[in-house]
Amino acid sequence: MTTTGSWRGLVARLAADGMLAAGWRPVFEGLPRAGFLPDVIWQHRVRTGDVEAVERAREPERWRAAAESDDPLVTQWDDGGHQGLEQGRVASSSASAPSVVAAMLADLDVYPGQRVLEVGTGTGWNAGLLHRFGAGAVTTVEVDRALADAARAALERQSLGAVTVVCGDGFQGHPAGAPYDRVIATCGVHTIPGAWLEQCRPGGRIVVPWGTRFTRTEATVALTVAADGRTASGMLTALVQFMSLRAQRQDLPAYGDYVTAESREKAERGTTVLTLGATLAGEWDISRFVLGLLVPDCAVVFDAPQDGRQPVWLCSLGGDRSWACVLFREDEKSSTVYQYGGRRLWDEAEAAHAWWDGQGRPGLGRLGLTVDGHGRQHIWVDTPDHVVGLPSAV
Ligand SMILES: C[S@@+](CC[C@H](N)C(=O)[O-])C[C@H]1O[C@@H](n2cnc3c(N)ncnc32)[C@H](O)[C@@H]1O
């Protein structure tokens, strides 16, 4: 694979933006993403939300431009069950945006000679970068057999056959290669598997996109394993959106399962002065992510706007089927709220927002996470002893 000017240009921009940690620029320059991509990719323009298929044989220039862009590229739909150029239902593998890959590798703070476990091989590009950087041994686990085989072949083509590609469930890590100095997951999780903690040495680092079920935006967390190996703690560093670890995938709640005719009749009506903009508006807004940390076992679902109002639903993910619906209208001083069930979900969201506001709206760089090997997870502000997030929030 030759390096073209536009790939070098992208890497130069990442360097200029401070996205590449020391030593990574020549590694990125020498290993373009194009060398790991299949012939059909779907370019996901994050800013507009557009997803477009690009076939290498029919549009080689467009294919290369996509490969050398900073967009994520979907490489598989529906766990391989989807054919053709249309979008499938669930994007199940991708080559992540180069800037996101660079930022996560910077968070990983890896040194030459260290042993690394990656969960989510995908195309194999990230594992290849780690090997080129000089990681001592790179093991990467991919749940999908076809993807694992394709990644292994791509790595071999790039003379990176020393990377160990394992087809298996990365939830279990890969005990045969442990202990690792670094664990990096390139699929999102709600609960950090105990196996990753067990297999990462004390003082080692775990970098993973982590989030609640409230929204599909995750935060990258960079955790350091404690000296006793029982817990790992670290800061949330960036908002990202990754494909979920297969076992932790979640479909959005189905409207009809929640909002029965009876519950509509019995729902309690109220008002709120909070605006959509201040609470739930943007997928990439920290306010929405933080509400997810503080309102446990809940998902937010946007409905189509009606009569100048934006209906936003909060649905309990517990068995109780509580729901709330806020009909936001930005040109009015207050919006109408309906709530039904054992939980008053909008009241919980208002209390969470008030708390966050009172704390000076802590965001990335102030919020941290501590996990243990038993699925217990706590969010904190500034220092691990200032716990705020509800353990059941994950
Ligand atoms: C965003 S892609 C990874 C991108 C990849 N690191 C690269 O460089 O191309 C996420 C990958 O995680 C894989 N995955 C999902 N659940 C998994 C699991 N339980 N174990 C291992 N891999 C998993 C998906 O099949 C998908 O290929």
Side-chain angles (χ1 to χ4, degrees), residues 24 27-28 31-38 41-44 46 51 66-67 70-82 88 90-105 107-108 110 116-133 135 138-155 158 160 163-175 177 182-196 199 207-211 216 218 220 240-250:
W24 280 100
V27 178
F28 271 74
L31 198 64
R33 179 168 69 157
F36 291 81
L37 298 175
I41 52 182
W42 287 261
Q43 183 168 13
H44 179 188
V46 175
V51 179
D70 195 24
D71 291 326
L73 306 169
V74 175
T75 54
Q76 187 200 61
W77 296 93
D78 303 333
D79 302 332
H82 173 79
V90 178
S92 47
S93 192
S94 69
S96 309
S99 57
V100 173
V101 172
M104 288 180 73
L105 290 170
D107 281 347
L108 195 63
V110 60
V116 183
L117 172 68
E118 181 195 35
V119 175
T121 311
T123 64
W125 181 50
N126 193 49
L129 289 168
L130 280 160
H131 187 272
R132 279 280 168 87
F133 183 73
V138 180
T139 304
T140 177
V141 186
E142 170 57 55
V143 72
D144 187 287
R145 166 84 48 201
L147 294 174
D149 290 347
R152 198 178 292 111
L155 286 160
Q158 306 284 337
L160 292 163
V163 171
T164 304
V165 180
V166 177
C167 181
D169 183 359
F171 185 83
Q172 313 292 345
H174 183 62
R182 299 288 185 266
V183 175
I184 180 168
T186 55
C187 44
V189 299
H190 303 302
T191 305
I192 295 184
W196 300 359
Q199 293 168 31
V207 171
V208 47
W210 172 91
R216 60 170 303 266
E218 294 116 3
T220 315
V240 289
Q241 286 187 349
F242 268 80
M243 275 134 211
S244 302
L245 188 91
R246 272 198 194 174
Q248 296 190 15
R249 254 187 214 156
Q250 161 186 288

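Along the sequence shown, the residues carry numbers beginning at 1. This structure is a prediction, so every number in the text was calculated from the model and none was measured. Both counts, for ligands and for their atoms, begin at 1 and track the order of listing.
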Do me a favour and list the nearest non-hydrogen protein atom to [atom] with residue, atom name and distance?
| atom | answer |
| --- | --- |
| atom 12 (O) of ligand 1 | Gly120 CA, 3.4 Å |
| atom 16 (N) of ligand 1 | Arg246 N, 2.9 Å |
| atom 9 (O) of ligand 1 | Thr123 OG1, 2.6 Å |
| atom 20 (N) of ligand 1 | Gly170 N, 2.7 Å |
| atom 10 (C) of ligand 1 | Thr186 O, 3.3 Å |

Shortest reach to atom 19 (N) of ligand 1 by a heavy atom, considering only Asp169, Val143, Asn126: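 When every heavy atom of Asp169, Val143, Asn126 is considered, Asp169 comes closest to atom 19 (N) of ligand 1.
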Is there a side-chain contact between [X] and [Y], using heavy atoms and a 4.5 Å cut-off?
| X | Y | result |
| --- | --- | --- |
| Thr186 | Trp125 | no |
| Ser94 | His44 | no |
| Phe171 | Val189 | no |
| Gln199 | Pro175 | yes |

Quick one: do Asp169 and Arg246 make a salt bridge, cutoff under 4.0 Å? no
For [X], which part has a heavy atom under 4.0 Å from ligand 1: side chain, backbone, both, or neither?
| X | answer |
| --- | --- |
| Glu118 | side chain |
| Ser92 | backbone |
| Leu147 | side chain |

Can you find a non-hydrogen atom of [X] under 4.0 Å from ligand 1?
| X | result |
| --- | --- |
| Gly168 | yes |
| Thr121 | yes |
| Ser94 | yes |

Check each atom of ligand 1 against the heavy atoms of Cys187 and keep those under 4.0 Å away; list them by number with element. 12 (O)
In terms of heavy-atom contacts, does CZ of Arg249 have more than 12 from other residues, nucleotides or ligands at under 6.0 Å? yes
Rounded to the nearest 0.5 Å, how far apart are CG of Leu129 and CZ of Phe36? 7.0 Å
Name the orientation class of the two ring planes belonging to Trp24 and Phe133 (parallel below 30°, tilted from 30 to 60°, perpendicular beyond 60°). parallel
Evaluate Glu142 for polar contact with ligand 1, using N/O atom pairs at a separation under 3.5 Å.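 Yes, Glu142 has an N/O under 3.5 Å of an N/O on ligand 1.
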Can you sort out the partners of Arg132 under salt bridge (Lys or Arg N to Asp or Glu O under 4.0 Å), two or more places apart, ordered by chain and number?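 None.
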